[in-house]
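Some notes on the structure that comes next.
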Amino acid sequence: MEASSRRGVRVRHVDQPPYVVDESRIERYDQVNLIFNRIGNDPSWDCYLHDEEAVGLQSIREAKPGYDRVDYALAEAAWTVHDVWTQAFSWDRLERPGGPSLMGDKWYKTRYEVDDVPEMTRKVKKAARFFGASLVGVVEINMNWLYANHRYSLEPLELPEGVRYAVVVAVEMDELGIATSPEVPAAAATGVGYSRLAFIASSLSEFIRNLGYTAVPASNGVGLSVPLAVDAGLGELGRNGLLITPEYGPRVRLCKVYTDLPLEADKPIEFGVHEFCRTCKKCAEACEVEAISFEDEPSYDGVCKSSSPGALKWAIDGEKCYKYWCENGTDCSTCISVCPYNTGRTEAHADEFWASP
Ligand code: SF4
Ligand code: SF4
């Protein structure tokens, strides 16, 4: 079995992804059940129409340490590129408002002939890193991991014809920011992660389109990032429901670009995460609302309307998790910060974050 070292962690490259699914129960995820959709469409849920605003405003009024006006200003600003520049996730080539570049608009409409797929794959990965990716892998898409429908319209979702691969990208999140969780600088670190993904995914998509191929960029949209990233060899699934990478543990954000460009898929990896998670349970102990399972063994069952059955995992109770975000007045990354695989600081406060250079 092939093995290698990634940031000092010995990993085994395996032929099959390190998870088990019950094919009779796996279905493409219906985004009507997405926690963020249910806030607005599920009156049966006690967080229907609830958000972080009331507690956040109270914290600002009280200048609560870690939750003051400056902290919130940073967090809101961190999301700017992701939230404002929605074109980043366009399924089509982006128009230049000032018209085509001096190269004109004909050259990218013919397909670049790929006669060396491994070399093309290497260049795509190089481009992803050049645009800011911390980790990048390629996978032949398991269609089970595509959403059944689009997030807002809920219309059926299908990829453009011929799209078979996904380039999966992870970006490292700021270690001191994440260490402050559940204080607001952790939310800022998350926001920067998403904004960087918007830049990387859109730039990488334009690179592929300039070669005459289709590119569909997505952060959390279009499909489930974690299993795609596991399939692409970026890491393994942890008890906390997140991708655990050898390089950063779960302290990453994920995006992907789906494409018909011929590429060579990576092999999945194993480095003992599943066995370690069976006994570790630090994320479950640290979660304020017990949204993470304490069970020794994973299960094929979901634990709430938003979690999907069929894959053997420790399911996360997204209802409890989101409720805590509302009570906290901002989102939470504690199950990232405390994880022993996190290669950054595990605990800090906002004053230390702001005092650091
Ligand atoms: S994000 Fe926070 S509340 Fe949600 S599961 Fe992780 S530790 Fe628990
Ligand atoms: S904190 Fe422990 S149990 Fe949780 S994901 Fe990390 S290693 Fe696994």
Side-chain angles (χ1 to χ4, degrees), residues 9 11 18-19 34-36 38-39 46-47 50-52 55-56 66-67 75 170 173 175 177-191 193-194 220 225-227 229-230 234-254 269-299 302-304 306-307 311-348:
V9 178
V11 304
Y19 53 75
L34 197 69
I35 273 295
F36 298 111
R38 290 177 58 206
I39 297 164
D46 57 2
C47 281
H50 279 220
D51 59 28
E52 301 162 351
V55 173
Y67 298 79
M173 292 188 288
E175 63 158 304
I178 289 295
T180 68
S181 179
E183 296 176 3
V184 178
T190 300
Y194 276 101
N220 288 343
S225 296
V226 173
V230 171
L234 297 191
E236 286 188 61
L237 174 68
R239 176 184 289 273
N240 55 7
L242 302 170
L243 179 78
I244 309 284
T245 65
E247 292 83 354
Y248 312 104
R251 191 170 42 83
V252 293
R253 288 285 152 192
L254 300 170
I269 59 167
E270 276 184 0
F271 55 109
V273 171
H274 183 84
E275 275 311 299
F276 192 81
C277 285
R278 282 185 73 247
T279 52
C280 166
K281 303 182 183 176
K282 275 202 168 134
C283 52
E285 286 156 6
C287 178
E288 297 276 351
V289 287
E290 300 190 357
I292 301 173
S293 169
F294 280 91
E295 297 295 325
D296 288 342
E297 298 303 331
S299 157
V303 286
C304 73
S306 291
S307 66
L312 188 61
K313 62 182 193 285
W314 291 283
I316 302 300
D317 190 329
E319 293 181 1
K320 288 182 179 173
C321 175
Y322 179 72
K323 198 171 180 186
Y324 176 69
W325 292 16
C326 296
E327 289 164 4
N328 187 43
T330 191
D331 58 56
C332 167
S333 294
T334 301
C335 49
I336 296 174
S337 61
V338 301
C339 178
Y341 285 107
N342 172 14
T343 49
R345 287 271 301 273
T346 55
E347 206 178 333

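When a ligand or atom number is given, it counts from 1 through the structure's own listing order.
At least one donor-acceptor pair under 3.5 Å links the side chain of R251 to the backbone N or O of M173. In terms of modelled atom types and a separation under 3.5 Å, the side chain of T346 and the main chain of N342 share no donor-acceptor contact. Side chain of Y322 to backbone of H50: a donor-acceptor contact under 3.5 angstrom is found.
Here the heavy atom of the protein found nearest to atom 1 (S) of ligand 2 is C283 N, 3.3 Å. Of all protein heavy atoms, the one lying nearest to atom 6 (Fe) of ligand 1 is C335 SG, 2.4 Å. For atom 2 (Fe) of ligand 1, the nearest protein heavy atom (residue, atom name, distance) is C332 SG, 2.2 Å. Here the heavy atom of the protein found nearest to atom 3 (S) of ligand 2 is K281 N, 3.3 Å. Remark: minimum distance from atom 8 (Fe) of ligand 1 to any protein heavy atom is reached at C287 SG, 2.3 Å. Nearest protein neighbour of atom 4 (Fe) of ligand 1, counting heavy atoms only, is C321 SG, 2.4 Å.
Applying the 4.0 Å criterion to heavy atoms of F276 picks out, from ligand 2, the atoms 7 (S). Contact atoms of ligand 2 toward N240: 5 (S) (distance under 4.0 Å to a heavy atom of the residue). Here is the list of ligand 2 atoms found below 4.0 Å of a heavy atom in C277: 3 (S), 5 (S), 7 (S), 8 (Fe). Each of the following atoms of ligand 2 lies closer than 4.0 Å to a heavy atom of C339: 1 (S), 6 (Fe), 7 (S). Close approach to Y324 involves these atoms of ligand 1, each under 4.0 Å from a residue heavy atom: 3 (S). The atoms of ligand 2 that sit less than 4.0 Å from any heavy atom of R239 are 3 (S), 5 (S). Within ligand 2, counting atoms from 1 as listed, the ones closer than 4.0 Å to a heavy atom of Y341 are 7 (S).
No close placement of the F271 and F276 rings is indicated, their centers lying 6.0 Å or farther apart.
Taking the six-membered ring for Trp and thresholds of 30 and 60 degrees, W314 and H274 have nearly parallel ring planes, at less than 30 degrees apart.
Among the backbone and side-chain atoms of C280, no N/O/S atom is found under 2.8 Å from atom 8 (Fe) of ligand 2.
The shortest separation from a heavy atom of V338 to ligand 2 is not under 4.0 Å, leaving the residue out of contact.
At a cut-off of 3.5 Å, with distance as the only test, a side-chain donor of Y67 or N328 sits close to an acceptor on the other residue.
The shortest distance between side-chain heavy atoms of E347 and S337 does not fall below 4.5 Å. By the 4.5 Å heavy-atom criterion applied to side chains, K313 and L237 are counted as neighbours.
Here the straight-line distance linking atom CG of N220 with atom CG of L34 works out to 8.5 Å at 0.5 Å rounding.
When all heavy atoms are compared, the tightest approach of P18 to E236 is CG-CG, 3.8 Å.
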